[in-house]
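Presented below is the structure to which this report refers.
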Amino acid sequence: MSIFRRGTKGKTRGWHPPVKPRYPGAPDAGALLTLFRDCGDFRAMDLRLGGKEGKLTGTLCYLDGLVDGDAVGEAVIRPLTEEERFGTAAGPEEAAALAREALAWFYSFRIRRSLEETASDLTEGCCALVFSGLALTFETKAALGRGVEQPETEKTVKGAKEAFTEIYRQNTALLRRRLRCPELKLRELTVGRRSRTRVGIVYLDGLTDPLLGEELQSRLERLDLDGLMNTGDLEEYLLEKSSPFPQMLATERPDRFAMELLQGRAGLLVDGLPLGFLLPATLAETLRVPEDTAAHYTVASVLTLLRYLALFLSVLLPALYVAVTMYHQEMVPTRLLLSIIQSKQDVPFSTAGETLGMLVAFELLQEAGLRLPATIGQSVSIIGALIVGQSAVEAKVISPVVVIAVAIAGITGYTMPNQDMAAALRLCRFGMVILSVGLGLFGMVTGSLLLIYYLCTLEPFGTAYLSPFCDGSLREVLGVVLRLPLPRSKNRLPWLKPADKRRQK
Amino acid sequence: MKRLRLLAAALALVMLNGCSGRWVYSDYREIDQMELIQALGMDEEGGEIIVTASTGGPGKPVVLRSTSASISRAMRRMQDYTSRKYIFFGHTAHLLLGESAAAHGVDRYLEHMERSVEMRLNTFLYVVRDGTAQEAVSMAGQAGDGAVDLLTSLEKDVQLMSESHVFTCGETAEMLAERGCCLAAAVSLVRQEDILSGEDPVTLAAEGYAILTEGKLTGYLDPDLARGANLLMDLGGEDILEVPDGKGSWAALRLIGSRVRYLPEYREGELASLQIRVELDCSLDEQRSPGEAGDREILEQLKAGAEQLELERICRVLERSRALGADFCGVGQRVRAVRPLAFDGMAASWEERFPELPLETEVSCRVIQDRQEG
């Protein structure tokens, strides 16, 4: 018998049926102990309600570390054991009724009648008083994680200095502080069979396209995966078509998140991720930075145009260099060509080889710099630049013009405000160079056309990725490549289909 | 299905590149293996074409020569002589025609430039006066940077000093097609003493214009007359006019601008006469008698002197043009631009009418004094 099993791929496809409920049955101390068997942080203690005179005994369960010890002692154990009226309770239902009346002690408590719900509350940081067939869960979450800090990747000079954190509730609070209106809606879901990650769909009622929120909710509800841990999980599962080009904007700044909600986008907040996700994203939006609105519109417009120029240079410059030096020498001004020829003298590699090699070296250096700690990473970059940029040129291993072309492409890539976009451009750069090596300018133009075609096929949540370039009016195009004075930008972005189209008088 | 369509579209694009039958990659050549030809000389001798090519740029120029019955073959042979490097004509900036080649007709050279996949029509065209192109390309600038650098600076200088104007092959072909005659920049080989080195290397100097009639060399306009032709063609450029100041001394006027207006007079639909008005803007650069500066009488004398000088030049050019029966300055085109419909009726007979047409030429000069007060 062959050790390779044939045809299993087709048979196992879709074999991951959701089991609901995952933990059947009513709450019970014994069942919980079984469920949390071998969990070192699981604590359970018997508690007589109303003190020694009490008639009812329950089991207080919690996960150590997730709960705030003081809160458990002061807000749960103390009132339950010292408050005499709890001693009168003859059964769990009566205890629940008394607890409801004593709400002043417990700012948030729930009555759970299923083991599934009880277990879920425990993993979220609640403590549970478990009777047979019923459990009371109290919100005693410990303040884990860091406080609100400054943004790391989206630095700002004039804007707010707060960034999202890993704590979901802190993030929603940061958002509420910026949009103090009840129209700010927050639909919460739990995603991940095992991670039980809380995800919030954020939108502005009466402004965001209602279909967008519904579609987002339905896609999140359809998600059936073990855990939601990374940004990539969310993007790849939620979008119709996975692409290296970012179709969801990720921001660590609550002010930007709020700004985009006001434009008509919907947002996602995920517990454990210090980022807010906005969708749908378009190419034009990935080239925008929040600082644009802080700067004067003329400055912001020039900087935006520069970013578009950088986009083209980043993708096409090495390919253009390869194409013109290999096939279309007549296109290069004579003096420049003579200078290139002189710099290429005695270099043993072909133009194609040295350009591709240089691109690979550049990527390796970049990766080395990123993966190492900041201080060492910097040294690696400096050593790399010296070795590749100077020694290699001096040793006539590569020509300086190639170094310049690749370096310009790399630097222009860094000007992209969105790092996912920068990474996608890096991929395209390689593709374009390979096409140029084979077909010259013809290959580069073909590659550009295919790239545009591909971008046209991207439609995150029903919005064309190239909007407004592919479907907008000239005024709309100017509106994204330039920054119009704010009093003149009266309407929201039409391609987001906002329910309320106008944003100011 | 969508991917298939995409693939088919990409494949179709590749198929449409016009490189069927061989790989595009086979056209590839490394730039450091290329020899860039920047100046090309053509001579005709005994029915054979002598092609002389020179590289430019830093270092000693490489000069190659080849002979054949056709231009293409002669150029191709150069490749055989230098197997190590690829001879690339795509950067030819200057085309020199020897006197013999120009006398036989420039059409074949211009046509070759037009048909060649490598060469460009914006290549500057020169006719070597009293000499051959091979001498000009190989001997010029032997002690210096070579013919290419000489021609590059010459092309700028002649326009600056109004000694002539260097037309491109494309412009020349267009002028010949439109009016059958034109002017082309003329250069000659001269020995110029180098004060520093004490040597007297051969260099190239502007020699006015070569007159091409029906594509063949029929004569030359000396640099002095070339300035008159430039005024008629409205090509501008600077010039220094040395004129008497009426006080027994001389002054230097710098010609800083000029305009020409053609005013045809039609009677009963027929062109009866033509008035040519030339306006000059000059600045007073140098005056022998400073005490008299600003004197109105002197200024009037200077204006009159400049007007007279330029009028003479213009009249001599027009006389030459009418004597040859060749409107090489393109007067007909300028007249047509004033009233196209009226001119079109007699366009076919313009060549016959031009020598007989009553002409009235008028030159007016404005002298600007840039003297600082105080």
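A quick note: this is a predicted structure, and the numbers were derived from the prediction, not measured.
By the neighbour-count criterion of 12 heavy atoms within 6.0 Å, atom CD of B/Glu238 is densely surrounded, having more than that number from other residues, nucleotides or ligands. Atom OH of A/Tyr237 has 12 or fewer heavy atoms from other residues, nucleotides or ligands within 6.0 Å. The local environment of CZ in A/Phe312 is sparse, with at most 12 non-hydrogen atoms from other residues, nucleotides or ligands closer than 6.0 Å. The environment of CZ in B/Arg73 is sparse: at most 12 heavy-atom neighbours from other residues, nucleotides or ligands sit within 6.0 Å.
Residues B/Asp32 and A/Val347 fail the side-chain proximity criterion, which asks for heavy atoms closer than 4.5 Å.
For B/Gln38, the part lying near chain A is the side chain, with the backbone staying farther off; criterion is any non-hydrogen pair under 4.5 Å. Only the side chain of B/Phe88 comes within contact range of chain A, with heavy atoms under 4.5 Å apart.
Residues B/His91 and A/Val332 share a closest heavy-atom pair of CE1-O, 2.6 Å.
No option in A/Gln342, A/Gln345, A/Gln329 other than A/Gln329 meets the side-chain contact (heavy atoms from CB on, under 4.5 Å) test with B/Ile31.
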